[in-house]
Amino acid sequence: MESLAQLELLCEKLYNSRDSAERAHAESTLKCFSENSDYISQCQYILDNASTPYALMLASSSLLNQVNDRTNYVINYLATRGPKLQTFVIKSLIQLVCRITKFGWFDDDKFRDIVKEAADFLSLASQDHYFIGLKILYHLVGEMNQANAMPLTLHRKIACSFKDQFLLQIFQISLTSLHQLKSEVPDDFRRDPLSLALRCLSFDFVGCPVDESSEEFGTVQLPASWRPLLQDPSTVQIFFDYYKVNDTCVSKEALECLVRLASVRRSIFVEDPSRTQFLSHLMSGTKEILQTGQGLAVHGNYHEFCRLLGRFKVNFQWASNSVYYLLSLWSRLVTSVPYLKGDTPSMLDETAPKITEGFITSRINSVQASFANDSSDDTLDNVDVLQEQLESLPYLCRFQVAISCQVLANAMPLTLHRKIACSFKDQFLLQIFQISLTSLHQLKSEVPDDFRRDPLSLALRCLSYDFVGCPVDESSEEFGTVQLPASWRPLLQDPSTVQIFFDYYKVNDTCVSKEALECLVRLASVRRSIFVEDPSRTQFLSHLMSGTKEILQTGQGLAVHGNYHEFCRLLGRFKVNFQLSELLSIEFYGEWIGLVAEFTTKSLLSWQWASNSVYYLLSLWSRLVTSVPYLKGDTPSMLDETVPKITEGFITSRINSVQASFANDSSDDTLDNVDVLQEQLESLPYLCRFQYQNSSIYIINIMEPLLQAYTERLRLPAPGDANELSVIEGQLTWLVHIIAAILKIRQTIGCSQESQELIDAELAARVLQLINVTDTGVHAQRYRVLSKQRLDRAILIFVQNFRRSYVGDQAMHSSKQLYARLSELLGLNDHLVLLNAIVGKIATNLKCYAECEDVIDHTLSLFLELASGYMTGKLLLKLESTKFIIANRDSFPFLEEYRCARSRTTFYYILGCLVFMEDTPVKFRSFMEPLLQVAVNLEATADAAFRTDVVKYAFIGLMRDLRGIAMATNSRRTYGLLFDWLYPSRMPLLLKAISLYADEPEVTTPLLKFMCEFVLNKAQRLTFDSSSPNGILLFREVSKLIVAYGSRILLLPNGTDIYGSKYKGIWISLAVLSRALCGNYVNFGVFELYGDGALADALDISLKMSLSVPLSDILAFKKLSKAFYGYIEVLFSSHITFVLNLDTNTFVHIVSTLESGLKGLDTGISTQCASAIDSLAAFYFNNITAADGPPSPAALNLARHIGEFPTLFPQILKTLFEIIIFEDAGSNQWSLSRPILSLIMIREQPVDQQQRLSQCFEKLMSDVARNLEPKNRDKFTKNLTTFRHDFRVKNIQA
């Protein structure tokens, strides 16, 4: 090189020339600087003297390739000339320094001074030096995190050393810089500390580099030394603050940092509260972003924010079936639409349809994915899972209403929340409410309607405050009494408080008027005791009545549905919070009650429009009439004139609704919804019985023509107009429901029962007459018609209510007037004749409704209710209709319907109850004769023909019948009859069936469920004589069945529906064996003594079945988990020797499943696990720790297991303490205390204690002796409660 100027010219050509030949010539000429180490000094000369950036770039990049000990030189160069250099030159020089540092990391400690030297840049006054220091640290972290050309092993050693010594310090520097630069510099300068923080969080902490083609990086394995930073709320908050910056690059990198923070390993938080606090900060920040939507219009921000939300599920525990709860949430939200208050948009009208579409699309796409993945586990094969997934969807599909609401979420612990809420209520809430009232007065006429909403919403929120710490069910509108503090009394006594809300109701804005009514509803619900004197309460009531009277007179705003609904709620609160005498004391009561009656009557005529609102009006009237008997004074209540009109209006509206429903072809009928029907009829009976004579005449006058028309139809050769007949049936159905509701409250009504019996008889006679008509002539051909099914369901409800009041020996003697009148009208002179008619209707329904499961279930429910009562059961046995049912039970078609399989079991349970009441073995054998014939035919069937459909369904029916009969055996005598019938003759049939049909759950499930019921020792029914071997013989048969089933089911491959094909049979088998093992009717020592392998075989095969199910599946299926842990509990409590004789790995696996069960949410399962662990620990204590003699073989096995896994017991003890201390153990605390004491007793060293908690542990063992006697256990349980409280207090103080 002749001169520096020539070199600078070549460098410019190298980087800028468009002539390829010229650029190639420059490259070949300058190549020596990067390839020859002799040119290092020339590179330094160029850096010192060159003026063009391209020459400087050549020198720095050449030095980068010629790595050597030039760190100090470059650092000093950056310090002196760095602020004047171009950005890309600074970057190249810093990369040079970082590369030199990495390669010399283990050669000399001076290479590690770079972090200190970079920090020195930060302390300089120049802003340029500050950002050079940040860039040095940024590139240093990046250099240490990539292997480059260095051997991978050496790279990992250097990276680990750097991580352990400097990475946390660098991350702290980045956080400090973020706080310092938060508002002092332009957005561009904020990127450097944010990029540095992101690079620190992206470091490869465990030496498993992530696939860079994917965004997924798994869990961020931060070292434990980082824990204090994560527990500091400002660490998370600073990134959320930077997200709010307008620079999209800054906000995107802030979100990337949050994604990595949300991905830190769960175990870095030693205690659950700290993890919960960290999660709370993340959720709070994301909630704010979701609320404001800031920055989400930028695709990069949107994408990273979605990743952040996605990490919540990845890194924080959610239940495996979480989607069910999400869909349940959405369904509850949309079903609350009619009751929404306020004008804040809830977004449900936009989000719910998307969720619905997403669910349907996901289900459609899952079919293709299932075939593509060749999946054998299809939801369509699992009825329970399918039903669970579809349970909430219909409500989302039907959602078509625009709504508004606001959902608040608070992750704060409930106790702390209540303390803060109470403090806020006592100090500020009244002041805030006064501010809202002042604002309402000031803004009454000065501003547009939109501005008035804010103070009104504030007032509503104050009145809706949870004053007593009892949050109301948000799915319901009922909030009870508003418990305002006494300090609010002057405001309520001020007439302007109520008046301002009535004034705002008159505003044309519907949102304002609706919120004003909501405030009035809450004011009308304040506790009575807040008014010390009656005059002040009367004055308050007068203002409310005056305001509502004006609205009733003008009708202003009531054409708006929201206002109408809230106004009905306001009227409904008058009788809830005020007495009838107080209402009468208001001078304009007569005018007011007349207006309310007129308003109610009009509302009843517009039932379809106001169906959800009229409930409150009827509730008001029912409360008014029930208060009349307690009314003092002679002031007329005017209820005698108004209530009959309202009653008639209700009945008329229901009758007319049937015709309207058919005209509109509506598929949503109130008669099909039991809850809505019950709600509508809840208040009517009190109104009817207030003027019972007039109401009954009105009902009869409506019913008689309908009954006559219905009776005339049965004589016609053809049904005629089917729609007209359906309308008649629908109208009769409403009348039957109304009469049933009236009879239902007979026992609770305040009027004399004798004075109303004759009227009850008149109404009941019409329904009983209808029963005689419904199943004759043309009507006997309409069992598949929906209106006929509704009518029969209504009749069954009537019969249930009528029976409770008027059927039975005592009712017969106390209801002579009713039966005398029924005898005159229908010839039913006593309850036996009436009961015979009822049972006849039951028999008809069972015979004719084979395809309507709903009617069959209602009918059997009534039949079971009759058979379960002692007196009515005895009466049933005297009836010819009952004898007909028992004798011809095989003639009922519903028994052959697969959909009515459960009903078949219920039917035989009822028959069994009736048969066993007679207490005669002859009757029992006669009853069992048809079943015996079926069993004999099945036994005679060859194995080759046994798998035909005819044989299969005959056997399934037999098992369901026997299970129902077994359920009816509630005494030693009745069980003995069934046992003698079944053993030994019929048991080979069961073994044969389970051997041939092991692969068909359709057969094995009813068989195993029958055995599950048969071996259950309820009410001590399995009590045999001391000389009887029946208990042992029964268990041997159980063992044969379990072994036969288990040995075959284990060999079968997993099908598409693994629960239905395998798991269901396994859990029922475990339940059978568990009940047999703990039934206390078998001396199991006999089996080993006489060399009988029944017990050992059953335990062995049952354990194999249990171990064949993965723990995740056990925990996923509720019934399976209950059966599994119940079985394990029985093993540990009664057959622990069998468990201890297992190999160590199997033993440890079983104990580990117990620990998993302890952590579950099901209290019953955790109790079973605690009992099993207590049995194990107590065995260890009694046979090893406190044993006097030589240990038994089982004790030696246990010692060997624990010796190989010494952390087994300490880990379980740790889990138990965590549950007791950090979770709400509730009713389960007593059960959990038992294994804790046992585990403490077997520890050779005391429990690890922190100094500040030593007193807590001392109190825990205070006065506790070193034994496991019941008295000692109770003392420890008491101490544990104190320990839990003290620990939490000290933890909070710390």
Side-chain angles (χ1 to χ4, degrees), residues 271-272 1125 1128-1134 1136 1139-1140 1151 1154-1160 1162-1188 1195 1198-1199 1202 1206-1293:
E271 300 173 343
D272 286 344
Y1125 284 111
I1128 295 297
E1129 180 189 14
V1130 173
L1131 283 187
F1132 276 78
S1133 62
S1134 303
I1136 194 169
V1139 180
L1140 299 179
V1151 177
L1154 294 175
E1155 185 181 0
S1156 299
L1158 285 173
K1159 298 176 182 178
D1162 192 296
T1163 303
I1165 290 176
S1166 61
T1167 299
Q1168 291 172 331
C1169 294
S1171 175
I1173 293 170
D1174 181 47
S1175 299
L1176 178 63
F1179 183 89
Y1180 189 98
F1181 177 79
N1182 294 324
N1183 293 272
I1184 299 177
T1185 305
D1188 296 332
L1198 177 56
I1202 300 302
T1207 61
L1208 191 62
F1209 282 156
Q1211 178 61 36
I1212 295 175
L1213 182 59
K1214 175 176 175 290
T1215 300
L1216 286 166
F1217 268 118
E1218 288 175 349
I1219 295 173
I1220 287 291
I1221 294 171
F1222 300 116
E1223 298 181 14
D1224 185 13
S1227 59
N1228 207 28
Q1229 183 170 326
W1230 185 92
S1231 300
L1232 296 177
S1233 69
R1234 266 40 194 170
I1236 291 178
L1237 177 60
S1238 301
L1239 291 169
I1240 289 177
M1241 288 299 177
I1242 65 177
R1243 287 176 63 89
E1244 296 181 0
Q1245 297 179 354
V1247 178
D1248 295 336
Q1249 305 173 20
Q1250 296 184 23
Q1251 184 63 36
R1252 65 186 176 87
L1253 299 176
S1254 59
Q1255 294 181 354
C1256 295
F1257 282 98
E1258 289 175 3
K1259 291 181 181 179
L1260 178 64
M1261 301 306 295
S1262 176
D1263 299 328
V1264 177
R1266 193 166 176 77
N1267 62 65
L1268 296 177
E1269 298 298 326
K1271 185 176 181 181
N1272 197 44
R1273 287 179 180 270
D1274 293 338
K1275 177 62 180 175
F1276 177 78
T1277 301
K1278 182 179 179 180
N1279 290 354
L1280 186 63
T1281 304
T1282 305
F1283 167 83
R1284 181 171 180 262
H1285 176 266
D1286 292 348
F1287 187 97
R1288 289 187 169 187
V1289 170
K1290 289 183 178 293
N1291 208 33
I1292 293 173
Q1293 293 174 350

Drop me the distance from [X]'s [atom1] to [Y]'s [atom2], to the nearest 0.5 angstrom.
| X | Y | atom1 | atom2 | value |
| --- | --- | --- | --- | --- |
| S1166 | K1159 | OG | NZ | 13.5 Å |
| Y1125 | S1171 | OH | OG | 14.0 Å |
| I1136 | N1183 | CD1 | CG | 8.5 Å |
| I1128 | L1154 | CD1 | CG | 6.5 Å |
| S1133 | Q1168 | OG | CD | 10.5 Å |

Self-check item: Test log, rule side chain to side chain contact (heavy atoms under 4.5 Å, CB included), inputs I1236 and L1213
Solution: CA-CA 6 Å; I1236 291 178; L1213 182 59; 4.1 Å; yes
Self-check item: F1179 vs L1140 side-chain heavy atoms within contact, under 4.5 Å
Solution: yes
Indicate the atoms forming the closest heavy-atom contact of [X] with [Y], along with that distance.
| X | Y | value |
| --- | --- | --- |
| I1165 | G1157 | CG2-O, 4.1 Å |
| L1237 | N1267 | CD2-O, 4.4 Å |
| P1235 | I1173 | CB-CG2, 3.9 Å |
| R1266 | T1185 | NH2-CG2, 3.5 Å |
| S1238 | D1174 | OG-OD1, 2.5 Å |
| L1232 | L1216 | CD2-CD2, 3.9 Å |

Quiz item: Passes side chain to side chain contact (heavy atoms under 4.5 Å, CB included), I1240 versus F1217? Steps please.
Solution: CA-CA 11 Å; I1240 289 177; F1217 268 118; 4.1 Å; yes
Quiz item: So among F1181, F1276, Y1180, which one has a side-chain contact (heavy atoms from CB on, under 4.5 Å) with M1241?
Solution: F1181
